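These notes are about the structure you will find just below.
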Amino acid sequence: MTTLRGFSADGGLYLLRSFSPAIVVLFTLFLSTAVTSVRFDSEYGLLGVMAAMLTMLMMAPTFRAPPLANSRSQTVGTILLAWAGVLAILLFIGYATKTSANFSRLALFVWILSSGLLLCAVYFWLESLTTWLVVRRNLSRRAVIVGINSTSIELADKLERHPQLGLRVDGFFDDRGGNRDGSELNTDLLGKLTNVRDYLNEHGTDVVFIALPMRHIQRVTDLLDELHDTTASIYFLPDVFVFELIQSQVLTISDIPVVALCETPFFGYRGLVKRLIDVVVGSMALIALSPLLLTTALLVRLTSKGSVIFRQKRYGLDGQEITVFKFRTMRVSDDGDYVKQAVKNDDRLTPIGGFLRKWSIDELPQLFNVLQGSMSLVGPRPHAVAHNEQYRKLIKGYMFRHKVLPGMTGWAQINGFRGGTEQLEDMEGRVQHDLYYLRNWSVGFDLKILFLTVFHVAGAERAY
């Protein structure tokens, strides 16, 4: 089961939830042999490995489930039933291989009993840990709800009563002053539908829940068009699939169904895998290319006046401003409200600037951005802030590119959308390829893009 992007679904906690059942059964088997004075030999080791693998396969979905997905009694029943299934498989294997007699009955009894109890205890400890991390460290994401009805009010109430879900509702937006169903509204009315976009941009809201009636589908569509100019994650209540979706998922918050219409692909273990690739491959590339980096830095210094590294403000993840590093290739350093794009035979280029840009050598300092965590090896290329502000008003869905870290290379670049964008169609093509990447991301896709970059980007005709 998938949960909303938040701390409870990300990073180390996600892995801990996934592997904790295996850790528990291994630990309790070793402890059980110790307390019953049984030698933990290779046969017990093999039993532990088999039990750990089976337990992780059968219980990981339960341990990774969103908090409050089931009642406590249901959760205990699910865990103990899965543990019984693991034991049944192990018993069958022992009977088929005639090895069951090799194990101490007392040690196995202690192991079976203690594992069942500890698995339940660890599950609820992980729920408490989630609550502590989200609440005590103030990791909740800010949310607003568009549309007042019994479902949206119930959603707001459950999010308030269960802060471990990692979402804090700031209030509602609706063109009417109260609940359409007549029930009491116990939260702030922030404004009308026409105020939603401005509120999101002013307050940095992370999540929007749209709870408008389906008979008002045109109003929903109009609102989604306006929200294309924000970086907020968007969810719809109830489930409909009538829009252009990015990483759409059917989710539940407690027992309330919601649908992700626009969300990052890097939730849960995916974010860890993506970051691991960036750190490992980025570090190896930095070491391997260090002679080229040092030589280029020296040539930039010797052939023109000014700094070796050009720093430019660009938009990164969730539209936050980042500083991107490049080798300086021009005699000017534009980074204001207007940035003139490079053109063929640009007279602003330094003596080696054209060569560096043609072969993408000027981009190599962005490996430091990757290791810093403000960029990724693969993702939508970051644009100058001035260009972002220009195109976000002209291209539908432009800001969706910022649901992921910007990349040194991307799907658009290896498909020819590189260099200047003299025509609006050039930028529209780039954005469409970026959105395709968001919809279809996988580890294999990233590796394919990195491989093809060597042949499609370096020396590209439009790189000037």
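Every value quoted in this text rests on a predicted model; they were computed, and no experiment measured them. Reckoned from all heavy atoms, side chains included, excluding hydrogens, waters and symmetry mates.
- Close placement of the Tyr235 and Phe209 rings is indicated, their centers lying within 6.0 Å of each other.
- Side chains of Arg430 and Gln432: no donor on one and acceptor on the other come within 3.5 Å.
- The pair Glu363-Lys326 counts as a salt bridge, with a side-chain nitrogen and a carboxylate oxygen less than 4.0 angstrom apart.
- Ring geometry, His383 versus Tyr398: the interplanar angle falls from 30° to 60°, so the pair is classed tilted.
- In summary, the aromatic rings of Phe400 and His228 are positioned with their centroids under 6.0 Å apart.
- With hydrogens and angles ignored, the 3.5 Å screen pairs no side-chain donor or acceptor of Thr264 with any backbone N or O of Val404.
- Of all non-hydrogen atoms in Thr350 and Ser304, the two that sit nearest each other are CG2-OG, 3.7 Å.
- Note that CG of Leu227 is 12.5 Å distant from CE of Met399, once rounded to the nearest 0.5 Å.
- Panel note: side chain Arg357, backbone Thr329; no donor-acceptor pair is recorded below 3.5 Å.
- Although no hydrogens or angles enter the test, the distance criterion places a donor-acceptor pair under 3.5 Å between the side chain of Arg401 and the main chain of Arg381.
- Here the side chain of His402 pairs a donor or acceptor atom with the backbone of Gly316 at under 3.5 angstrom.
- Side-chain contact of Lys403 with Thr231: a donor-acceptor pair under 3.5 Å is absent, judged by distance alone.
- To the nearest 0.5 Å, atom CD1 of residue Ile23 and atom CG of residue Leu16 are 6.5 Å apart.
- The structure places CD of Gln390 at 9.0 Å from CD1 of Ile395, a figure rounded to the nearest 0.5 Å.
- Remark: Phe27 CZ is loosely packed, at most 12 non-hydrogen atoms of other residues, nucleotides or ligands lying under 6.0 Å away.
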Applying ring pair (Phe, Tyr, Trp, His ring centres under 6.0 Å), run through Phe30 and Phe40 and close with a yes or a no. CA-CA 7 Å; Phe30 181 82; Phe40 191 92; 5.4 Å; yes
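- A salt bridge links Lys274 to Asp446: at least one charged side-chain nitrogen sits closer than 4.0 Å to a carboxylate oxygen.
- Taking 4.0 Å as the cut-off between side-chain N and carboxylate O, Lys192 and Asp175 do not count as a salt-bridged pair.
- When ring centroids are compared, Phe417 and Trp411 stay outside the 6.0 Å threshold.
- If you run side-chain contact (heavy atoms from CB on, under 4.5 Å) between Leu118 and each of Leu31, Val25, Thr28, only Thr28 comes through.
- Rounding to the nearest 0.5 Å places CG of Leu356 at 6.0 Å from CG of Asp362.
- Between Asp157 and Arg161 there is a salt bridge, with a side-chain nitrogen of the basic residue lying less than 4.0 Å from a carboxylate oxygen of the acidic one.
- Checked for salt-bridge contact, Arg142 and Asp206 miss the test: no charged N lies under 4.0 Å from a carboxylate O.
- Looking at Arg328, its side chain never comes within 3.5 Å of a backbone N or O of Phe310 through a donor-acceptor pair.
- To the nearest 0.5 Å, the span separating OG on Ser374 from CD on Glu321 amounts to 12.0 Å.
- Taken from CG in Asp278 to CE in Met375, the straight-line distance is 9.5 Å, to the nearest 0.5 Å.
- Below 30°, between 30° and 60°, or above 60°: for His203 and Tyr199 the angle between ring planes is below 30°, a parallel geometry.
- Counting only distance, with no hydrogens or angles, the side chain of Asn149 and the backbone of Thr151 share a donor-acceptor pair below 3.5 Å.
- With Ser290 contributing its side chain and Ile287 its backbone, the two residues share a donor-acceptor pair below 3.5 Å.
- Panel note: side chain Ser233, backbone Val207; no donor-acceptor pair is recorded below 3.5 Å.
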